[in-house]
Amino acid sequence: MKGQNKEKLRALSPDSSSNPFDVLTEEVVLKILDYLDNDEYPSARKSFSLTCKTFYFIESGHRKTIKPLSAELLPRTLHRYPFVSHLDLSLCPCVDDSTLNMISSTWKATLHSINLSRSRFFTNVGLSSLFVNCSGLVEVDLSNGTELTDLAASAIAEAKNLERLRLARCKLITDMGIGCIAVGCRKLRLLCLKWCLRVGDLGVELIALKCKGIRSLDLSYLPITEKCVKSVLQLQHLEDLVLEGCHCIDDDGLSTLEQSCKSLKMLNLSNCQNVTHTGLSSLTNGAQQLQQLILAYGSVVSLKLPKVTSDVAKCLHTFSKLQSIKLDGCLITSSGIKALASLHASIKELSFSKCLGVTDEGLSFLVQSHKELRKLDITCCRKIKYMSIDSITNSCTSLTSLRMESCSLVPKEAFILIGARCSCLEELDATDNEIDDEGLKSISRCSKLSILKLGICSNISDEGLANVGSYCSMLTELDLYRSMAISDAGIAAVADGCPALEMINIAYNGKVTDNSLISLSKCLMLKALEIRGCPGVSSIGLSAIAVGCKQLTVLDIKKCFNINDNGMLPLAQFSQNLKQINLSYCSVTDVGLVALASLNRLQNMTILHLAGLTPNGLAAALLACRGLTKVKLHASFKPLLPQSFLKYMEARGCVFHWRDKAFQKEMDPKGWKLHFGRSTEVP
């Protein structure tokens, strides 16, 4: 194999006897390229290939994974990279049959996987060419193919070696098409049919009958019954089964099942509104390998409200390998909590997000029985107080993730316990809580902390944030939404001490100015920045971000009224990785918008209430921005833009979302409580 690689590289490389890099052996050069195959260095391979002609040709032969910015670039890509095995076209909304023909003829001997989940305009003809020629394909993602029919499914059936197939939201494919896939693709290991609304019991039964090696099966929101479930449970290698939103499955039907799948490791029954503990017991009978159970939002239902009772919990007692239980959106009864506490399995993850009925007494009793817990989600469990946090931190000292947004009755003193006792913590969501600087000082002891969410925490200030900057050097994500005591000094401390920072949200903080952005410009790994509603920032600060943070992909500057065209020009020059931007209510005009059109990776734009924007300027910018897939515009522009222009943009793969929102003078007119989906009264 190594000799074959050398021959390939010699065939690709010109005579380079005078090249100083000849002292490097082929193995060393290939090792360097392997190291550069890292998301942390997105432009490194390009720089490597531009070093000299030899490196250019070696890099061409070494690259196996391609993610082109546009389908128009594929002809050049096909010529330069002859050994591609993984092709990701998720940035190419317009992929037609001729494009698939080119791909199948060039990489027919090497292509192993292709992602077409965001692409349109191809038909069964192009798919047939792809699957017939590329016999080595093992993974295909055709999710969101809403126009694909059974003819496309018939083409997929030509992929005899296919192992992983995703067809989520392919709403026109029926049992007939799935039957073709079942007959043709006998080697399938993973199949996703989520939201394939025309696929019923027959299609799923055919999959279970013909594809005996299935390990992962997603049947979410299919109109199926227990009839096909019986066949599915006979799959001897099935490990992951998702039945989310399958409303036709009920207790009566499940009671007819003789046994569950013995190899099953993960079961998702979320939003199965007709399944109670009786059906759950029937479905999991004999599933001794079960490790994860998801019963969120409507599963194990009693009347209208999903309840977790002792009967539900008792169903889980036989699963000695169970590690993760997610009960989001359910009503947890005291008897249910006690039954969960009595489980003999070593539970590592519990999720009670938005669960009613979770109390101090119940939660304290539960965590004392499961001291090996690593992840706990108690988001919006509004009844818990100091007692719960005391018990959690005292019992579960190895906790790595604690999500407790809107636990508003937890006092500030409780947060000191988190830092003092849970030194392994990597994620903390304390959004909308009473945490103060003392609590933040304690939490900063968690040196492994990488995700910290402190939105709507009015008691924290720069002093507390300075401790985070000093001791949490591994921080990658920080949310300070509406923590209005934070100013430039706190942001500077984080920027100085957290060089790995990738995402920060400082929206609606009136004390934040350009100085904060200048500080953040030193965070070279920054990918997402949200500064909406910060009146103190201007184009000066944004320019610093553009120059310093070249990996920036998501930017929200909505209602930053002092940002104008002067901020767009540096973005256009330096932010070549930008994919998504919200410009609403800014002072950007036609000039700035047209400048942004030079960003090749830009896909998603929100452009509402730009006073300096004209129909002609808007049309010019959108035409020049060839990678756009989604644009939000005010409805007033719709009659002002030619229909031929709109049709052309849609044919290119761009989807318009028209909004008829009135101009909002206030910075945040609905208030933060409505922003988080909360009423003004706390139950």
Taking all non-hydrogen atoms of both residues, which atom of [X] and which atom of [Y] are closest, and how far apart?
| X | Y | value |
| --- | --- | --- |
| A157 | C185 | CA-SG, 3.9 Å |
| Q289 | K321 | OE1-NZ, 2.8 Å |
| L219 | C246 | O-SG, 3.3 Å |

**Asked** Which value, rounded to the nearest 0.5 Å, describes the distance between L89 atom CG and R118 atom CZ?
**Response**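 If we round to the nearest 0.5 Å, L89:CG and R118:CZ are 13.5 Å apart.
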Salt bridge [X]-[Y], side-chain N to carboxylate O under 4.0 Å:
| X | Y | result |
| --- | --- | --- |
| K354 | D328 | no |
| R164 | E139 | yes |
| R374 | E349 | no |
| E530 | K558 | no |

**Asked** Under 3.5 Å, is there a donor-acceptor pair linking the side chains of D96 and T99?
**Response**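 Yes, a side-chain donor-acceptor pair sits under 3.5 Å.
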**Request:** Tell me yes or no: between the side chains of N577 and T553, is some donor less than 3.5 Å from an acceptor?
**Result:**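 Looking only at side-chain atoms, T553 and N577 do not form any donor-acceptor pair under 3.5 Å.
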**Message:** Parallel, tilted or perpendicular, judged at 30° and 60°: which one describes the rings of Y221 and H247?
**Reply:**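 Aromatic pair Y221/H247 classed perpendicular.
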**Message:** Whether the side chain of T284 engages the backbone of A287 through a donor-acceptor N/O pair (distance < 3.5 Å, no angle test) should be reported.
**Reply:**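 Side chain of T284 to backbone of A287, a donor-acceptor pair under 3.5 Å: no, none is there.
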**Asked** If you draw a 6.0 Å radius around CZ in R403, do more than 12 non-hydrogen atoms from other residues or ligands fall strictly inside?
**Response**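 Open.
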